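Below is one structure, written out as structure tokens, with a few remarks after it.
In this chain, residues are counted from 1 in sequence order. If you're wondering where the values come from, they're calculated on a predicted model, not measured in any experiment.
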Amino acid sequence: MNLIWGGFLFLLSSFGYIGQVISAFWPDTAARLGLTEPESDVDRAFYADMRGEAFWDTAILWTLPVAGVLLVFNNPVWAYFGLVGSGMYLYFAGRGIVVRRVMQRRGIRIGKPESLRLVYLFLILWGLAAVITIFMAIAALSSP
């Protein structure tokens with residue numbers, strides 16, 4: 001089970017992390033790849049928020065992919081990285097969903113509906129993976 005979840009966790013969280021690195025340093029490439037909305041399609045304040053978030057996430061979101069690798073190799077330190085990384089991804093997912101919903105309700109342009117569906121799907125996946133990993137890490141740390 002650790003091998004499967006560790007591999008899944010590594011792939012899913014690496015996708016988020018690498019996406020944020022591309023968004024932070026190469027925003028035009030991120031837009032072409034569909035990782036973000038083009039600046040012209042969204043409100044200026046939302047675009048600035050996305051860019052700032054991408055830079056910050058580049059600094060912190062590496063912890064969950066590391067947890068996945070450590071879990072694959074059955075290294076007990078994975079649980080600590082899993083707790084920290086999952087907390088960050090849970091915050092990342094929750095903030096991403098709530099901010100977008102609030103902005104949408106206020107009529108702020110945040111992207112095309114088809115793009116938003118994909119964004120919400122991945123935010124939900126990252127959030128669920130984070131919650132599962134938190135429970136797994138607590139269980140691992142609780143067992144002798």
Side-chain angles (χ1 to χ4, degrees), residues 1-43 46-105 108-144:
M1 180 64 178
N2 285 359
L3 178 67
I4 294 169
W5 187 256
F8 173 75
L9 190 62
F10 174 75
L11 291 174
L12 183 65
S13 60
S14 290
F15 181 73
Y17 178 72
I18 292 167
Q20 289 297 70
V21 170
I22 295 168
S23 297
F25 296 106
W26 304 284
D28 292 337
T29 301
R32 276 195 308 277
L33 294 172
L35 300 173
T36 61
E37 296 289 342
E39 186 173 7
S40 60
D41 289 354
V42 297
D43 185 270
F46 181 70
Y47 186 79
D49 181 67
M50 285 190 327
R51 292 296 314 283
E53 182 179 44
F55 280 110
W56 180 245
D57 290 345
T58 296
I60 67 168
L61 291 183
W62 58 269
T63 50
L64 200 54
V66 169
V69 169
L70 293 170
L71 186 56
V72 164
F73 290 107
N74 211 25
N75 185 317
V77 176
W78 84 266
Y80 299 104
F81 281 90
L83 285 173
V84 172
S86 290
M88 288 183 217
Y89 270 77
L90 187 57
Y91 174 81
F92 171 68
R95 180 190 185 281
I97 291 168
V98 171
V99 166
R100 281 170 177 77
R101 298 298 298 158
V102 168
M103 287 186 172
Q104 260 183 322
R105 287 191 177 127
I108 297 170
R109 292 181 311 126
I110 62 169
K112 296 177 180 154
E114 56 275 3
S115 299
L116 288 173
R117 281 191 288 277
L118 191 59
V119 167
Y120 286 130
L121 172 67
F122 272 98
L123 289 171
I124 289 167
L125 283 173
W126 286 317
L128 289 173
V131 169
I132 291 167
T133 304
I134 288 169
F135 283 115
M136 288 178 65
I138 291 170
L141 292 170
S142 299
S143 64

*May I ask you to test the Leu61-Met88 pair for a side-chain heavy-atom distance under 4.5 Å?*
yes
_Partner set under salt bridge (Lys or Arg N to Asp or Glu O under 4.0 Å) for Arg95, not counting sequence neighbours_ = Asp49, Glu53
_Are more than 12 heavy atoms, taken from residues, nucleotides or ligands other than Phe55, located less than 6.0 Å from that residue's CZ atom?_
yes
Can you list, pair by pair, the side-chain donor-acceptor contacts under 3.5 Å of residues 14-27, counting residues two or more places apart and other chains?
residue, atom, partner, partner atom, Å
Ser14, OG, Phe10, O, 2.7
Tyr17, OH, Thr58, O, 3.1
Gln20, NE2, Asp57, OD2, 2.6
Ser23, OG, Gly19, O, 2.8

Side-chain donor-acceptor pairs of residues 63-82 under 3.5 Å, sequence neighbours excluded:
residue, atom, partner, partner atom, Å
Thr63, OG1, Ile60, O, 3.4
Asn74, OD1, Asn2, ND2, 3.2
Asn75, OD1, Val77, N, 2.9

Under 3.5 Å, sequence neighbours excluded: what are the donor-acceptor pairs made by side chains of residues 118-137?
residue, atom, partner, partner atom, Å
Tyr120, OH, Gln104, OE1, 3.1
Trp126, NE1, Leu12, O, 2.9
Thr133, OG1, Trp5, NE1, 3.0
Thr133, OG1, Ala129, O, 2.7

*asked:* Given 3.5 Å as the limit, does a donor-acceptor pair link the side chain of Ser143 with the main chain of Ala140, or not?
replied: yes
*Can you list every pair that meets salt bridge (Lys or Arg N to Asp or Glu O under 4.0 Å) and has a residue in residues 108-122, with sequence neighbours left out?*
Asp41-Lys112
*Side chain of Arg105, backbone of Arg101: donor and acceptor closer than 3.5 Å?*
no
_Name of the residue among Thr36, Val42, Ile110 meeting side chain to side chain contact (heavy atoms under 4.5 Å, CB included) with Tyr47_ = Val42
